Amino acid sequence: SLDIDSLDAAVAPFARSGGTCAPILPFAIAAGATCTLTYVFAPTAAGVDIRQTVAISASVAGDGSFELTGMANFAADQSVTITDNSAYATIGETRDYIVVVSNAGPHTGHSMLTVVDVAKIVGGGTWTCVPTGGATCSGGLSDHVLSDTVVLPAGSSATYVYSVLIPPNDEAQIEMEGVLTVLAPAFDPDFSNDSASDTDAVVIFRDDFDDEATR
């Protein structure tokens, strides 16, 4: 038989929760028998690699230990939408694309927002950002790509206004594509709403020459 004399107590975020070994030290394991130790992992903060060594000593020469490991990723259900509220873009006008990123929670998420002019028609755009609910974001200049890191607490959002000039171009349409990349240690449980796009036909004019046309 083997007598287990000491066993380090686990500390948070790990805790011993049961198993078949006796709950009180010291305890014995009969010859040829086994027993198990069960632990729970209950993190309160995100961490990629959380480790804890538990030392154990018994009535035999030498000591031993085992390691508890865990990864704590926080769920942050984030999404992005993009629109300019139009199906057409007129050459020579400044067009505002409205990009909204939001987080349905339950935890705070850090994300990289990228809005790309797929055909690289427009350039030299500017963007501003209005955060709500404790979100943080920034504005700036871009050349075909809007790129910003946004922090979104649960229930918050950030609204970007991306202003670009529509130049003469051989392309028949503009396609703006927004992609939201959730950064570790958060993860997004639903990737289906992490990208969005808006497509506009490029025209010379829409008003005054076509009474039925609207922008």
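This one's a predicted model, so the numbers in the text were calculated from it and none came from an experiment. Counting begins at 1 with the first residue of the sequence.
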A.B. asks: What's the spacing between H110 NE2 and T149 OG1 if we round to 0.5 Å?
C.D. replies: 9.0 Å

A.B. asks: Does the side chain of L180 come within less than 4.5 Å of S79's, by heavy atoms?
C.D. replies: no

A.B. asks: Closest approach of A72 and I50, non-hydrogen atoms and distance?
C.D. replies: CB-CD1, 4.1 Å

A.B. asks: Give every residue pair that meets the disulfide (SG to SG under 2.5 Å) criterion with at least one member in residues 158-202, sequence neighbours excluded.
C.D. replies: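 Found none.
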
A.B. asks: Considering only heavy atoms from C-beta outward, does the side chain of T114 approach that of L146 to under 4.5 Å?
C.D. replies: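 A side-chain contact is absent here, since even the closest heavy-atom pair is not under 4.5 Å.
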
A.B. asks: Apply the test side-chain contact (heavy atoms from CB on, under 4.5 Å) to residues D200 and I166: give CA-CA distance (whole Å), side-chain angles for both, the deciding distance (0.1 Å), then the verdict.
C.D. replies: CA-CA 11 Å; D200 299 312; I166 310 300; over 6 Å; no

A.B. asks: Looking only at heavy atoms, what is the nearest atom pair of A10 and L68, with distance?
C.D. replies: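 Distance-wise, the nearest heavy atoms are CB-CD1, 4.3 Å.
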
A.B. asks: Specify the closest pair of heavy atoms between A12 and Q52, including all atoms of both residues, with the distance to one decimal.
C.D. replies: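 Looking at all heavy atoms of both residues, the shortest contact is O-NE2, 4.4 Å.
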
A.B. asks: Check side chain to side chain donor-acceptor pair (under 3.5 Å) between D198 and all other residues, then give those that pass, not counting sequence neighbours.
C.D. replies: none

A.B. asks: Side chains of T83 and T81: closer than 4.5 Å at any heavy-atom pair?
C.D. replies: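 Not touching, per the 4.5 Å side-chain cut-off.
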
A.B. asks: Could you give all pairs that pass the disulfide (SG to SG under 2.5 Å) test and reach residues 70-127, with sequence neighbours left out?
C.D. replies: none

A.B. asks: Please examine the side chains of W127 and V99, heavy atoms only from C-beta on, and report whether any two atoms are closer than 4.5 Å.
C.D. replies: no

A.B. asks: What's the spacing between I56 CD1 and D5 CG if we round to 0.5 Å?
C.D. replies: 9.5 Å

A.B. asks: Can you list every side chain to side chain donor-acceptor pair (under 3.5 Å) pair that touches residues 132-143, not counting sequence neighbours?
C.D. replies: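 Found T132-S157, S138-D148, S142-Y162.
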
A.B. asks: For the residue pair I4 and A58, what are the closest heavy atoms and their distance?
C.D. replies: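 Closest heavy-atom pair between I4 and A58: CD1-CB, 4.0 Å.
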
A.B. asks: Would you mind reporting whether T90 and Y88 have side-chain heavy atoms less than 4.5 Å apart?
C.D. replies: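 Side chain of Y88 against side chain of T90, heavy atoms only: no contact under 4.5 Å found.
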
A.B. asks: Do V161 and V100 share a hydrophobic cluster (ILVMFWY, side-chain heavy atoms under 4.5 Å, transitive)?
C.D. replies: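 In one cluster: yes.
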
A.B. asks: Would you say D117 and V164 make side-chain contact, with heavy atoms under 4.5 Å?
C.D. replies: no

A.B. asks: Can you run down the disulfide (SG to SG under 2.5 Å) pairs that involve residues 86-160, sequence neighbours left out, and say none if there aren't any?
C.D. replies: C129-C137

A.B. asks: Are a donor atom and an acceptor atom from the side chains of S86 and D84 found within less than 3.5 Å of each other?
C.D. replies: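 No, no side-chain donor-acceptor pair sits under 3.5 Å.
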
A.B. asks: Within this structure, what is the CD-CZ distance for the pair Q78 and F187, rounded to the nearest 0.5 Å?
C.D. replies: 11.5 Å

A.B. asks: Running the 4.5 Å side-chain criterion over Ile, Leu, Val, Met, Phe, Trp and Tyr, what cluster does V40 land in, apart from itself?
C.D. replies: none

A.B. asks: Transitively linked via ILVMFWY side-chain contacts under 4.5 Å: V60 with L7?
C.D. replies: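 Yes; tracing contacts between hydrophobic side chains, which count when under 4.5 Å, links both residues.
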
A.B. asks: Given side chains that start at C-beta, do those of R16 and V54 come closer than 4.5 Å, heavy atoms only?
C.D. replies: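 Of all side-chain heavy-atom pairs linking V54 with R16, none is under 4.5 Å.
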
A.B. asks: Between A154 and P106, which heavy-atom pair has the shortest distance, and what is it?
C.D. replies: CB-O, 3.6 Å

A.B. asks: Are V182 and V179 connected in a single hydrophobic cluster, I mean Ile/Leu/Val/Met/Phe/Trp/Tyr linked by side-chain heavy atoms less than 4.5 Å apart?
C.D. replies: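 In one cluster: no.
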
A.B. asks: Please tabulate, one pair per line, all N/O donor-acceptor pairs under 3.5 Å involving side-chain atoms of residues 17-35, not counting sequence neighbours.
C.D. replies:
unit_1: S17; atom_1: OG; unit_2: T38; atom_2: O; d: 3.3
unit_1: T20; atom_1: OG1; unit_2: T36; atom_2: N; d: 2.7
unit_1: T20; atom_1: OG1; unit_2: T36; atom_2: OG1; d: 3.2

A.B. asks: Can you hop from L37 to F41 via hydrophobic side chains spaced under 4.5 Å?
C.D. replies: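 Result: yes, single cluster for both.
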
A.B. asks: Among T159, L152, I82, find the residue that satisfies the side-chain contact (heavy atoms from CB on, under 4.5 Å) test when tested with V101.
C.D. replies: L152

A.B. asks: Listing request: all side chain to side chain donor-acceptor pair (under 3.5 Å) pairs with a residue in residues 172-186, at least two apart in sequence or in separate chains.
C.D. replies: none

A.B. asks: Between S163 and T126, do the side chains contain an N or O donor and an N or O acceptor separated by less than 3.5 Å?
C.D. replies: no

A.B. asks: Holding to ring-ring contact (aromatic ring centres under 6.0 Å, His included), I want the full list of residues that pass it with H107, two or more places apart in sequence or in another chain.
C.D. replies: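 ring-ring contact (aromatic ring centres under 6.0 Å, His included) list for H107, sorted by chain: F74.
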
A.B. asks: Nearest heavy-atom pair of P43 and P13: which atoms, and what distance?
C.D. replies: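 Here P43 and P13 meet closest at CA-CB, 3.6 Å.
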
A.B. asks: Who passes salt bridge (charged side-chain N to carboxylate O under 4.0 Å, His left out) against D194, sequence neighbours left out?
C.D. replies: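 If we apply the salt bridge (charged side-chain N to carboxylate O under 4.0 Å, His left out) test to D194, skipping adjacent residues, there are no hits.
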
A.B. asks: According to the disulfide (SG to SG under 2.5 Å) rule, which pairs have a member within residues 78-112, sequence neighbours left out?
C.D. replies: none

A.B. asks: According to salt bridge (charged side-chain N to carboxylate O under 4.0 Å, His left out), who are the partners of D188, at least two apart in sequence or on a separate chain?
C.D. replies: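 Scan of D188 (salt bridge (charged side-chain N to carboxylate O under 4.0 Å, His left out), adjacent residues dropped) gives none.
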
A.B. asks: Looking only at atom types and distance, does a side-chain atom of H144 sit under 3.5 Å from a main-chain N or O of V122, one as donor and one as acceptor?
C.D. replies: yes

A.B. asks: When rounded to the nearest 0.5 angstrom, what is the spacing between CZ in F66 and CG in D8?
C.D. replies: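 Answer for the CZ-CG pair, F66 versus D8, is 8.5 Å.
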
A.B. asks: Just verifying a value: how many Å separate Y97 OH and N85 CG, rounded to the nearest 0.5 Å?
C.D. replies: 11.0 Å

A.B. asks: Any side-chain heavy-atom pair from Y160 and V150 closer than 4.5 angstrom?
C.D. replies: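 Yes. Closest side-chain heavy atoms under 4.5 Å.
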
